[in-house]
Amino acid sequence: MIEILNPTLLARARGTGALVADILQTLKSRSTIGTNLLDIDRWAKALIVDAGAQSCYVDYEPSFGRGPFGHYICTAVNDAVLHGRPYDHTLADGDLLTLDLAVSRGGVAADAAISFIVGDAEPPESVAMISATERALAAGIAAAGPGARIGDISHAIGTVLSEAGYPINTEFGGHGIGSTMHQDPHVANTGRPGRGYRLRPGLLLALEPWVMADTARLVTDADGWTLRSATGCRTAHSEHTIAITDDGAEILTVPK
C-alpha cells in the first residue's frame, strides 16, 4: 500500500518525527562506555510511554524475523547492521553503535537511525563509513521532490556509497511509512534514475543508507532477528523520515 497523507496527518507526522529524533539524541547521550544494550531498551520504552506514543517494534512480527521483536529499539554493535535485538552486552570504547527507532503517535509513524562511536576512540575507517551513509542520506533527500521518481533517490544514494568504495546490499532499504511503519514503495540503496513510482506531495518515505565495510552479504544471528556482516566487518546505518511537499523533501526526524 502507498499512502498519501492529508495536511492533518502530515502535521501529526511532524510531531512524531521530532519525538523520534529527540529520543534518539537522548539515548545517544546516555550510551557511553559501560552502558548495557538492555538499559538502552528500557530507556527507550520509558521515553516512548512518557510521550504518549507506541512502539512500532515490540509486537512487530514480519516474515523475515523469528517471532515478535519484543523490544523497543534496535541496537546494532560493530558487525551488526539491521534489526539489532538488544541483549546483555556492555559497550566498550570504540564500539560502533547504531540506534534505529520507530514509533507511532496520533496514528502516524516515523522512523530514524543514527550510527556513532562510543567513547573517545575515533577509528578512521568507522568514522569514514558513518560519514558515507550520512552523505548518501543527504543526497537521497536532495533527489526527492514532486515529480521525481523512487529510482532518482536510489541512484543518488547508491552513487555516494559506490564512490566511497562500499558494496551495496539491495535486500533491505528504505520504505514508505505512514499509518504503519513499513509500506510501499521500497527504496533500494542503489538504482536507475527515472524509474519507479513518481513522488507525490503527502508521501512519507524512510530513507536508510546502510553499508558493510567489505561485503554485501548478510547473515542472521542466532536470535532470529539481528543481521550481521558475513565477514564480521563493521557496519553503519543512517536514516530519516521525510515528507514530500510541493517545495521538495521535508525532513521530519530532526530534533526540536
Legend entry - Any H237 side-chain heavy atom under 4.5 Å of E239 side chain: yes

Inset, instruction - For the pair D79 (side chain) and R234 (backbone), establish whether a donor and an acceptor sit closer than 3.5 Å, ignoring hydrogens and angles. - result: no

Inset, instruction - Would you please test V211 and N169 for side chain to side chain contact (heavy atoms under 4.5 Å, CB included) and show each step? - result: CA-CA 7 Å; V211 292; N169 176 292; over 6 Å; no

Inset, instruction - State yes or no: are the ring centers of H186 and H175 separated by less than 6.0 Å? - result: no

Inset, instruction - Report the C-alpha distance between L205 and I150 in whole Å, list the side-chain angles of each, state the deciding distance to 0.1 Å, and finish with yes or no for side chain to side chain contact (heavy atoms under 4.5 Å, CB included). - result: CA-CA 10 Å; L205 297 171; I150 292 297; 4.1 Å; yes

Inset, instruction - Would you check if D50 and L47 make a side-chain contact, meaning some heavy-atom pair closer than 4.5 Å? - result: no

Inset, instruction - Indicate yes or no for a side-chain donor-acceptor contact from S229 to the backbone of C233 under 3.5 Å, with no hydrogens or angles considered. - result: yes

Legend entry - Gap between atom CD1 of I153 and atom OH of Y197 - 0.5 Å precision: 11.5 Å

Legend entry - Donor-acceptor pair, side chain of R149 and main chain of P193, under 3.5 angstrom: no

Legend entry - In one Ile/Leu/Val/Met/Phe/Trp/Tyr side-chain cluster, 4.5 Å: M181, W210: yes

Inset, instruction - Report yes or no: does D184 contribute a side-chain atom to a donor-acceptor pair with the main-chain N or O of I2 at less than 3.5 Å? - result: no

Inset, instruction - Consider only side-chain heavy atoms of I, L, V, M, F, W and Y, link residues closer than 4.5 Å, and tell whether L27 and V81 are in one cluster. - result: no

Legend entry - Atom of R228, atom of A80 and distance for their closest heavy-atom approach: NH1-CB, 3.6 Å

Legend entry - Polar side-chain atom of T235 near backbone of N78 as donor-acceptor pair, under 3.5 Å: yes

Legend entry - Lys/Arg cation over aromatic W225: R66, 6.0 Å, 45° cone: no

Inset, instruction - Go through the side-chain N and O atoms of R12 and T16 and say whether any donor and acceptor fall under 3.5 Å apart. - result: no

Inset, instruction - Starting at CG of L38, measure out to CG of D88 and round the result to the nearest 0.5 Å. - result: 5.5 Å

Legend entry - Aromatic plane relationship, F64 with H83 - under 30° parallel, 30 to 60° tilted, over 60° perpendicular: parallel

Legend entry - Residue among D247, L199, I244, T245 satisfying side-chain contact (heavy atoms from CB on, under 4.5 Å) with P146: I244

Inset, instruction - Report yes or no: do I141 and L161 belong to one cluster of Ile/Leu/Val/Met/Phe/Trp/Tyr joined by side chain heavy-atom distances under 4.5 Å? - result: yes

Legend entry - H71 and F69 aromatic ring geometry - parallel, tilted or perpendicular at 30°/60° bounds: perpendicular

Legend entry - Heavy-atom closest pair, residues I251 and V254: CG2-CG1, 3.6 Å

Legend entry - Short side-chain to backbone donor-acceptor contact, D22 and L19, under 3.5 Å: no

Legend entry - Spatial distance of atom CG (L99) from atom CZ (F116) [nearest 0.5 Å]: 4.5 Å

Legend entry - Hphob cluster co-occupancy, Y87 + I33, side-chain heavy atoms under 4.5 angstrom: yes

Inset, instruction - Indicate yes or no for a side-chain donor-acceptor contact from T253 to the backbone of T241 under 3.5 Å, with no hydrogens or angles considered. - result: yes

Inset, instruction - Inspect the contact between D223 and R85 and indicate whether a charged nitrogen and a carboxylate oxygen are less than 4.0 angstrom apart. - result: no

Inset, instruction - State, yes or no, whether a side-chain contact exists between I48 and L101 at a heavy-atom distance under 4.5 Å. - result: yes

Inset, instruction - Heavy atoms only: give me the nearest L204-A13 pair and the separation to one decimal. - result: CD2-CB, 3.8 Å

Legend entry - Side-chain H-bond candidate by donor/acceptor type, Q183 with T180, under 3.5 Å: yes

Inset, instruction - For S154 and A188, indicate whether the former's side chain and the latter's backbone hold a donor-acceptor pair under 3.5 Å. - result: yes

Legend entry - Closest approach of A148 to A143 (non-hydrogen atoms, all atoms of both residues): CB-O, 3.5 Å

Inset, instruction - Report the C-alpha separation of L227 and D221 in whole Å, then their side-chain angles, then the decisive distance to 0.1 Å, and conclude whether the side chain to side chain contact (heavy atoms under 4.5 Å, CB included) test is met. - result: CA-CA 6 Å; L227 295 177; D221 207 2; over 6 Å; no

Legend entry - Gap separating the OG atom of S31 from the CG atom of N36, nearest 0.5 angstrom: 10.5 Å

Inset, instruction - First locate atom SG of C74, then atom CG of L37, and finally report the distance between them rounded to the nearest 0.5 Å. - result: 11.5 Å

Inset, instruction - Test I117 against every option in I130, L97, D93 by the side-chain contact (heavy atoms from CB on, under 4.5 Å) rule and name the one that passes. - result: I130

Legend entry - T32 backbone acceptor or donor facing T35 side chain under 3.5 Å: yes

Legend entry - Donor-acceptor pair, side chain of S131 and main chain of V127, under 3.5 angstrom: no

Legend entry - Any side-chain heavy-atom pair of D100 and I73 under 4.5 Å: no

Legend entry - Heavy-atom neighbours of N6 CG exceed 12 at 6.0 Å: yes

Inset, instruction - Provide the closest heavy-atom pair for I168 versus S162 in the form atom of the first, atom of the second, distance. - result: CD1-OG, 3.4 Å

Inset, instruction - Answer yes if Y60 and V49 sit in the same cluster of Ile, Leu, Val, Met, Phe, Trp and Tyr residues linked by side chain heavy atoms under 4.5 Å apart, and no otherwise. - result: no

Inset, instruction - Begin with the C-alpha distance, continue with both residues' side-chain angles, and end with the deciding distance and a verdict on side chain to side chain contact (heavy atoms under 4.5 Å, CB included) for L96 and V77. - result: CA-CA 6 Å; L96 198 165; V77 182; over 6 Å; no

Legend entry - Interatomic spacing from CG in L137 to CD1 in I114 - rounded to 0.5 Å: 12.5 Å

Inset, instruction - Specify the closest pair of heavy atoms between Y166 and A213, including all atoms of both residues, with the distance to one decimal. - result: CD2-O, 3.9 Å

Legend entry - Salt bridge D39-R42, side-chain N to carboxylate O under 4.0 Å: yes

Inset, instruction - Could you note down all residue pairs passing salt bridge (charged side-chain N to carboxylate O under 4.0 Å, His left out) where residues 194-219 supplies at least one of them, sequence neighbours left out? - result: none

Inset, instruction - Determine whether D111 and V103 make a side-chain contact, defined as any pair of heavy atoms from C-beta on separated by less than 4.5 Å. - result: no

Inset, instruction - Please tell me if the side chains of I40 and L91 come closer than 4.5 Å, counting only heavy atoms from C-beta onward. - result: yes

